[in-house]
Amino acid sequence: MRKTGLAFGLLVAANTAFAMGQANADDKLAKREANRPNIVFVMSDDQRWDTFGCYGRTDVLTPNIDKLAASGVAFDNAYYAVAICMPSRTTTFTGRYFSDHQCGFTYPYNRTLPAKEFADSYPAQLRAAGYRTGFVGKFGVRLEDLPQTVAEHFDFYTGISTTSKKGPHFPADDKKLQHIYRKDRDPKERTLIKGDSMIHFLETQPEGQPFCLSISFDAVKNDRDSDMYGPHVALFKDKPMWVPKNYVEGENEKLPQVLKDHARGVYLHRDRTSTPQEYQRRTRRFAVQGYTVDQQVKRLMDKLKEMGVLENTVVIYTSDNGRFHGSQGLFDKAILYDEAMKQPLIVFDPRAPKSRRGSRVDAMVSSVDIAPTILSLAGLEVPPSMKGRDLGQLLAGTQDLSKWRDTVLMENFFIQELLGKGRKKGVTPDAQNIELIANKRSYRSRGVRTERYKYFAYFEHDPVIEELYDLKEDPHEQDNLISNPEYAAVLEKLREKTRDFHARATD
């Protein structure tokens, strides 16, 4: 009987210890869950990397974004995997390359992203893990069954669909949003409207639940009078703006003939930035919009501080693509020169040690890295579909750079001729695409960038049209070295890197 009682006592003690241990484990798990960081992802539209004070410009006004960089980490070698809005935004959500997701504007890269694939995106994964998710502004992804899919993955959505020309979408019973998006509101307040919606999301955030808010401004893309917020216009009135060394007045005879004949950026430059006067006028207008976006960043940071959550909120700032704006004799984006491809990327993490504040990172990073980084910040596993890498150790300063990539992949599959009025009636997209390739009008391209070299090829030509630049000697990409025998070994190595990267991107 004593042995039985002793055994029973030991069993009770063991069970009690187990229960206490389990309670402690549950308590630690609850605390860890409660301490998951909030994440705010801010994206502007067509905002070139060198239009910020923190990236060296002195004629612009971006004090709050500069403050983010001074308190966080700025990446100096970040590049878009693709530099035009729809495919770039899809890459940002999914961590996949354009040749993989194929969600773009023109055939055959005009695929609608299936809802089951968006389920692997960073907002979908975060919501499944208990985050409150929100989206504000330009959504810009051709998504299967958009209303139902976003309702499944976003708790708060005031997205504007650029593909259906509808929006914003939001619950009909939300009186505050009805007031924010009232039809009689001055269109010059388009950036402030997104800021107001951003603040409304934060004001309706339940206490104790982590959140992820993605804000996508449509500034600084357009420069009509209706896009300029009046009080900010005067800040740049008649102000002389910086002119890059590769700005081209008039036509650029150095461009490949296929671009001169067919690329949208050529005729847009002719119409918009080919004279110094027009260049200055439009540069001032983009600076106005950049400042208006910057003021929304101030509103964001002030609100996070007011809510008492700033110390546990990671803020990421970037854009969807760059813009030539007269550089290279182009206006648009997409073509694989740096003015379109180089990415502003700033990550503010208040949990980081003070020694990391104001850090600059030189490692080669890509826009495919954003989604896996966001998931990793939240402590989540990265889905196998994502091809990017977690930037966490670069942010912490602990990354062994010998094990980091030294090359990024870049792609452009946009063809103006296959879009809108360029589509031929009575001809299938496939037939029109075959015909334009056969007649050497395609300027689809892919290539790679290292810290020193840039290589890309217009791969649908026979023979292939190629460009190669030594960025140490020629940072503005003015001297195409493709026929220079001194660079033959470099050329072959970069061709091989392009083949390897493309294969991995689509496997």
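Note that the numbering runs from 1 along the sequence shown for the chain.
Residues forming a side-chain hydrogen bond (donor to acceptor under 3.5 Å, both in side chains) with Thr106 (at least two apart in sequence, or on another chain): none. Under the rule for a side chain to side chain contact (heavy atoms under 4.5 Å, CB included), the partners of Arg272 that lie at least two apart in sequence or sit in another chain are Leu268, Arg282, Phe331. Every residue meeting the side-chain hydrogen bond (donor to acceptor under 3.5 Å, both in side chains) condition with Asn439, not counting sequence neighbours, appears here in chain and number order: Glu435. Residues forming a side-chain hydrogen bond (donor to acceptor under 3.5 Å, both in side chains) with Ser214 (at least two apart in sequence, or on another chain): Tyr122. A search for side-chain hydrogen bond (donor to acceptor under 3.5 Å, both in side chains) contacts involving Asp271 returns nothing, not counting sequence neighbours. Not a single ring-ring contact (aromatic ring centres under 6.0 Å, His included) links Phe236 to another residue, sequence neighbours left out. Scanning for ring-ring contact (aromatic ring centres under 6.0 Å, His included) contacts around Tyr458 gives Phe456, with sequence neighbours left out. In terms of the salt bridge (Lys or Arg N to Asp or Glu O under 4.0 Å) criterion, residue partners of Glu253 (sequence neighbours excluded) are, by chain and number, Lys260.
Applying the ring pair (Phe, Tyr, Trp, His ring centres under 6.0 Å) definition to pairs two or more places apart or across chains, none involves residues 488-507. Each salt bridge (Lys or Arg N to Asp or Glu O under 4.0 Å) pair with one or both residues in residues 91-100, not counting sequence neighbours, appears once here: Arg96-Asp100, Arg96-Glu117, Asp100-Lys387. Residues in residues 467-489 take part in no ring pair (Phe, Tyr, Trp, His ring centres under 6.0 Å) pair, two or more places apart or across chains. Legend: ring pair (Phe, Tyr, Trp, His ring centres under 6.0 Å) pairs involving residues 267-287, not counting sequence neighbours, sorted by first then second residue: Tyr247-Tyr279, Tyr279-His325, Phe286-His325.
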